[in-house]
Visitor: 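Next up is a structure, given as structure tokens.
All residue numbers in this chain count up from 1 along the given sequence. Please read these numbers as outputs of a predicted model, since none were measured by experiment. Below, each value reflects all heavy atoms present in this structure, side chains not excepted, and no hydrogens, waters or symmetry copies.
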Amino acid sequence: VQLQASGGGSVQAGGSLRLSCGASDGTFSDYAVGWFRQAPGKEREFVAAIGWGGYIKYYQESMKGRFFIYRDNSKKTVYLEMNSLKAEDTAVYYCAASSMHKPGDYSASYRYPSRYDYWGRGTLVTVSS
């Protein structure tokens, strides 16, 4: 499956953005999807993840209540809604798809980039204070 992240941009602190991760092929509902981000000079970190039907969701603890992940399989798209943005949210955001099929396996793996099989190009989010 080929992924494309979009929706990044520049926003002031306290603002909101919605990122989209679209798939161009494949049966999108076969994949769990995660969002990761990487700030300059830092390692890639987990942001949020969503299971195949959209019912299972995981968030980085520091983003709970500010970020929301959801998906529309009919549109082959996963969204990441980001609110109350802070300067420290500035990063390139990536979406990735995992071909794991068992919820138990995914629950133990969702936060690790190495457990994802397909990656899209990132989209830059810049938050100014």
Side-chain angles (χ1 to χ4, degrees):
V1 62
Q2 295 185 349
L3 303 174
Q4 179 64 53
S6 61
S10 297
V11 63
Q12 290 192 333
S16 299
L17 282 174
R18 189 180 75 165
L19 305 183
S20 298
C21 175
S24 60
D25 56 7
T27 303
F28 193 56
S29 58
D30 284 348
Y31 300 92
V33 175
W35 282 98
F36 294 80
R37 69 184 186 185
Q38 189 164 16
K42 295 187 176 181
E43 292 187 355
R44 191 167 297 190
E45 68 170 344
F46 168 73
V47 176
I50 189 166
W52 308 263
Y55 303 105
I56 299 172
K57 301 179 183 181
Y58 302 101
Y59 295 95
Q60 177 68 264
E61 191 65 30
S62 62
M63 298 160 199
K64 284 183 178 179
R66 294 195 303 127
F67 290 12
F68 299 94
I69 188 170
Y70 55 100
R71 68 191 294 165
D72 185 339
N73 286 337
S74 68
K75 296 182 179 179
K76 296 187 177 182
T77 303
V78 169
Y79 303 94
L80 181 68
E81 182 179 317
M82 306 186 296
N83 302 307
S84 302
L85 284 163
K86 307 173 183 179
E88 50 264 43
D89 293 319
T90 294
V92 177
Y93 284 72
Y94 299 88
C95 63
S98 169
S99 56
M100 280 187 281
H101 293 291
K102 296 181 180 179
D105 290 343
Y106 193 57
S107 69
S109 307
Y110 64 85
R111 63 174 60 248
Y112 302 110
S114 62
R115 300 311 302 267
Y116 289 81
D117 305 289
Y118 306 96
W119 289 80
R121 291 184 180 180
T123 185
L124 176 63
V125 172
T126 303
V127 184
S128 56
S129 56

Visitor: About how many Å separate CD1 of I56 and CD1 of I69, when rounded to the nearest 0.5 Å?
Guide: 12.0 Å

Visitor: Is the closest basic N to carboxylate O distance between D89 and R37 below 4.0 Å?
Guide: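 So D89 pairs with R37 through a salt bridge.
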
Visitor: Is S99 close to Y31 at the side-chain level, that is, under 4.5 Å between some pair of heavy atoms?
Guide: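 Yes, side chains in contact.
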
Visitor: L17 and V11: which non-hydrogen atoms are nearest, and at how many Å?
Guide: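 Minimum heavy-atom separation between L17 and V11: CD1-CG1, 4.1 Å.
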
Visitor: Could you tell me whether R44 atom CZ has more than 12 heavy atoms of other residues or ligands within 6.0 Å of it?
Guide: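 Yes, the 6.0 Å shell around CZ holds more than 12 heavy atoms from other groups.
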
Visitor: Please check if the side chain of T123 supplies one atom and the backbone of Y93 the other of a donor-acceptor pair under 3.5 Å.
Guide: no

Visitor: Tell me, yes or no, whether the heavy-atom count around E45 atom CD, taken from other residues, nucleotides or ligands under 6.0 Å, exceeds 12.
Guide: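 More than 12 within 6.0 Å, yes.
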
Visitor: So which pairs with a foot in residues 33-54 pass ring pair (Phe, Tyr, Trp, His ring centres under 6.0 Å), sequence neighbours left out?
Guide: F36-F46, F36-Y116, F36-W119, F46-Y110, W52-Y106

Visitor: If you measure from SG on C95 to CZ on R121, what distance do you get to the nearest 0.5 Å?
Guide: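 If we round to the nearest 0.5 Å, C95:SG and R121:CZ are 12.5 Å apart.
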
Visitor: If I take atom CD1 from residue I50 and atom OH from residue Y55, how far apart are they, to the nearest 0.5 angstrom?
Guide: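 Rounded to the nearest 0.5 Å, the CD1-OH separation comes to 10.0 Å.
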
Visitor: Step through the shown structure and confirm whether more than 12 heavy atoms of other residues, nucleotides or ligands are within 6.0 Å of NZ on K75.
Guide: no

Visitor: If you measure from CD on Q2 to OG on S24, what distance do you get to the nearest 0.5 Å?
Guide: 4.0 Å

Visitor: What distance do S20 atom OG and E81 atom CD have between them, rounded to the nearest 0.5 Å?
Guide: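 Those atoms lie 11.0 Å apart.
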
Visitor: Going through the distances and angles, do Q38 and Y94 end up as a side chain to side chain contact (heavy atoms under 4.5 Å, CB included)?
Guide: CA-CA 8 Å; Q38 189 164 16; Y94 299 88; 4.3 Å; yes

Visitor: Counting only heavy atoms from other residues, nucleotides and ligands, does the tally under 6.0 Å from OH of Y70 exceed 12?
Guide: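 Yes, OH of Y70 has more than 12 neighbouring heavy atoms, counting only those of other groups under 6.0 Å.
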
Visitor: Is any side-chain heavy atom of R111 less than 4.5 Å from a side-chain heavy atom of Q60?
Guide: yes

Visitor: Quick one: are S84 and R66 in side-chain contact, heavy atoms under 4.5 Å?
Guide: yes

Visitor: Tell me, with the steps shown, if L19 and V125 meet side chain to side chain contact (heavy atoms under 4.5 Å, CB included).
Guide: CA-CA 9 Å; L19 305 183; V125 172; 4.0 Å; yes

Visitor: Sub-3.5 Å donor-acceptor pair from the side chain of R71 to the main-chain atoms of A32, do we have one?
Guide: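 The answer is no, because no donor-acceptor pair under 3.5 Å joins these two groups.
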
Visitor: Would a single hydrophobic cluster contain both M63 and L80, if residues Ile, Leu, Val, Met, Phe, Trp and Tyr are joined by side-chain heavy-atom contacts under 4.5 Å?
Guide: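 Yes, it is one cluster - the side chains of L80 and M63 are joined through contacts under 4.5 Å.
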
Visitor: If every non-hydrogen atom of L3 is compared with every non-hydrogen atom of A97, which pair is closest and at what distance?
Guide: CD1-N, 3.6 Å

Visitor: Are Y58 and M100 grouped together when hydrophobic residues (ILVMFWY) are joined by side-chain heavy atoms under 4.5 angstrom apart?
Guide: yes

Visitor: Are V92 and V47 connected into the same hydrophobic cluster when the rule is that any two of I, L, V, M, F, W, Y join if their side-chain heavy atoms are below 4.5 Å apart?
Guide: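 No; tracing contacts between hydrophobic side chains, which count when under 4.5 Å, never links both residues.
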
Visitor: Locate the shortest heavy-atom distance separating C21 from F28; write the atom from each residue and the value.
Guide: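 Looks like O-CZ, 4.3 Å.
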
Visitor: Between N73 and S29, what is the shortest heavy-atom contact and its length?
Guide: ND2-CB, 3.5 Å

Visitor: What's the separation between atom CZ in F68 and atom OG in S16, rounded to the nearest 0.5 Å?
Guide: 10.0 Å

